[in-house]
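Scroll down for the structure; my scribbles are underneath it.
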Amino acid sequence: MKKIILKAGEGKRIKNGHKWVFSNEIKLVEGSPKSGEIVSLCDNADNFIGLGFYNPHSLIAFRLLTDKEEKTGVSFWQKRIEEARLLRTKVYPQANSYRAVFGESDDMSGVILDKYEDYFCAQFVCAGADFHKNDILEAVQNVFNPKGIFLRNDAHLRTLENAGLKTENEIFFGDIPENIIIEENGLKFYVDLINGQKTGFFFDQRDNRNKFASHVKGMKVLDCYCHTGAFGIYAKKAGSKDVVFADSSMPALETAEKNYNLNGFKNFNGIEADALEYMQSAEAKSEKFDIVNIDPPGLIKSRKDFNAGFKHYVKVNEAAMGLLKKGGILATSSCSHHLDFNNFKEVIRQAAVKAKKEALLLEYGFQSKDHPVLSSMPETEYLNFAVVMIK
């Protein structure tokens, strides 16, 4: 087999559980492997470490798949997918829609699979995953027997591979309905696989939405960056007095209204506006909200964006706190991997200082259990959530 040999002194990190080798750690590449091929990885003494994807054009030059010398055809992927399925059935035994594969955490680097009832949405965000997608998706069909699979090829990570990966979305198999209805914790949501954001629905907030809903009974709620309205709809089910949905995207608001009506609620109150601008407006300040939820998009895409993104997070949280009187509740999230838990808490602290408020942290949350965190790989942890009382 074609192989990579590491420089002297390299390899400790990957032997300790990390899944990536960077291009500057490689001494020699034997056999002229193509971008996306599976190759052997060896240490400087030519001792076997594992098998994985190779990409000579990316900073992440090797992605570990297994530390065993084994065949990597359809049956290899089928075993991985079945193991991932068993984990989801343990953590969410009643769920029929969830993230079915979460990349490195499921030993399938660069592979994202979301299950929406009988349909799948797949993202292959590295050259190796894309190179082997036919085998991987055949394995998906063997394990789940879905009615259709849609490929989302628009993830920005694909362009970082510098491997000429196409960016058009496409149906891989079956007929994909315009709207699929899924159920989460007793609530129903429309999912548009073809036109929706990311893969159609944010499963990663499943557990945090429950935490949020436990605080809303009888309260007036503002759901900012509402996307498809999940947080606000959870609030409505939990007995909130009123919910205002705010998002800069009219299609998102229209989907949120459809989801609101789908669950039997009436008199949807949606505002098309930039969330930060709305929270800073006199209109929002006159509403006297009891609870504000903010779930902004990732504001820190890379390390170089950290300072600007951090300041933006502070500004957004400051604006939300400014709408709350004493005893009000802020539910706040960050989905930026580069904003770790300690920095997330620092955002809240600085926002409270700027808003001239005192913040009492009631509870924390992280990504849902179908997005498991690999303890040896911080890159698999990205979502932070907190419920904060304003004193």
Side-chain angles (χ1 to χ4, degrees), residues 1-7 10-11 13-14 18-42 49-66 71-74 76-77 80-81 99-114 120-140 149-173 197-199 298 301-305 337-338 374 377 379-380 382:
M1 179 175 278
K2 299 168 185 179
K3 67 180 178 181
I4 293 170
I5 299 175
L6 295 175
K7 293 177 181 176
E10 303 292 355
R13 189 185 70 258
I14 202 162
H18 203 275
K19 304 290 185 180
W20 296 345
V21 170
F22 298 101
S23 57
N24 61 359
E25 298 172 318
I26 295 172
K27 179 178 78 172
L28 182 65
V29 179
E30 295 184 353
S32 301
K34 298 176 184 177
S35 178
E37 279 195 77
I38 292 176
V39 304
S40 294
L41 177 71
C42 298
I49 296 174
L51 302 177
F53 297 140
Y54 174 63
N55 182 0
H57 309 296
S58 172
L59 176 63
I60 305 171
F62 177 88
R63 296 167 179 262
L64 184 71
L65 297 170
T66 176
K71 292 183 179 180
T72 55
V74 173
F76 174 86
W77 300 113
R80 291 284 195 277
I81 293 165
R99 174 144 294 181
V101 168
F102 183 51
E104 282 75 6
S105 296
D106 290 304
D107 288 321
M108 293 182 66
S109 185
V111 180
I112 301 296
L113 292 173
D114 279 347
F120 274 81
C121 190
Q123 284 188 315
F124 299 103
V125 299
C126 74
D130 193 80
F131 189 90
H132 294 272
K133 67 184 176 185
N134 289 333
D135 282 355
I136 293 169
L137 293 175
E138 182 178 338
V140 171
I149 300 174
F150 187 70
L151 300 186
R152 290 299 296 253
N153 293 324
D154 55 0
H156 79 281
L157 291 174
R158 288 172 65 88
T159 62
L160 300 180
E161 289 289 283
N162 298 313
L165 303 182
K166 67 178 183 179
T167 56
E168 305 89 15
N169 298 332
E170 60 183 318
I171 295 174
F172 175 80
F173 152 75
Q197 190 176 349
K198 297 291 181 67
T199 65
K301 299 296 185 185
S302 63
R303 292 186 187 278
K304 66 180 176 60
D305 301 323
H337 155 68
H338 293 286
L374 186 62
M377 198 165 180
E379 291 87 350
T380 61
Y382 68 94

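Because the structure is a prediction, the values reported are computed rather than measured.
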Please assess Y54 against V29 for the test side-chain contact (heavy atoms from CB on, under 4.5 Å), listing each intermediate value before the final yes or no.
CA-CA 10 Å; Y54 174 63; V29 179; 3.6 Å; yes

Verdict with supporting geometry, F53 and H132, side-chain contact (heavy atoms from CB on, under 4.5 Å):
CA-CA 10 Å; F53 297 140; H132 294 272; 3.5 Å; yes

Among L65, L374, I60, find the residue that satisfies the side-chain contact (heavy atoms from CB on, under 4.5 Å) test when tested with K19.
L374

Dump the intermediate steps for side-chain contact (heavy atoms from CB on, under 4.5 Å) on R13 and F22, then the final yes or no.
CA-CA 11 Å; R13 189 185 70 258; F22 298 101; 3.5 Å; yes

Sidechain-backbone polar pair: R80 side chain, D107 backbone, donor-acceptor under 3.5 Å:
yes

Would you please name every residue forming a salt bridge (Lys or Arg N to Asp or Glu O under 4.0 Å) with K166, sequence neighbours left out?
E170

Excluding sequence neighbours, so at least two apart, what forms salt bridge (Lys or Arg N to Asp or Glu O under 4.0 Å) with R63?
E104, E161

Assess whether atom NZ of K34 is packed by more than 12 heavy atoms of other residues, nucleotides or ligands within 6.0 Å.
no

Distance-only donor-acceptor check, side chains S35 and N55, under 3.5 Å
yes

Is there a donor-acceptor pair under 3.5 Å between the side chain of D106 and the backbone N or O of V101?
no

Please round to the nearest 0.5 Å and tell me the distance separating atom SG of C126 and atom CG of L157.
9.5 Å

V140 vs F120 side-chain heavy atoms within contact, under 4.5 Å:
yes

Which of F102, F76, W77 passes side-chain contact (heavy atoms from CB on, under 4.5 Å) with M108? It is W77

How far apart are the C-alpha atoms of L6 and I49, what are their side-chain angles, what is the distance that settles it, and do they pass the side-chain contact (heavy atoms from CB on, under 4.5 Å) test?
CA-CA 10 Å; L6 295 175; I49 296 174; 3.9 Å; yes

Heavy atoms, side chains only, cut-off 4.5 Å: are E168 and N153 in contact?
no

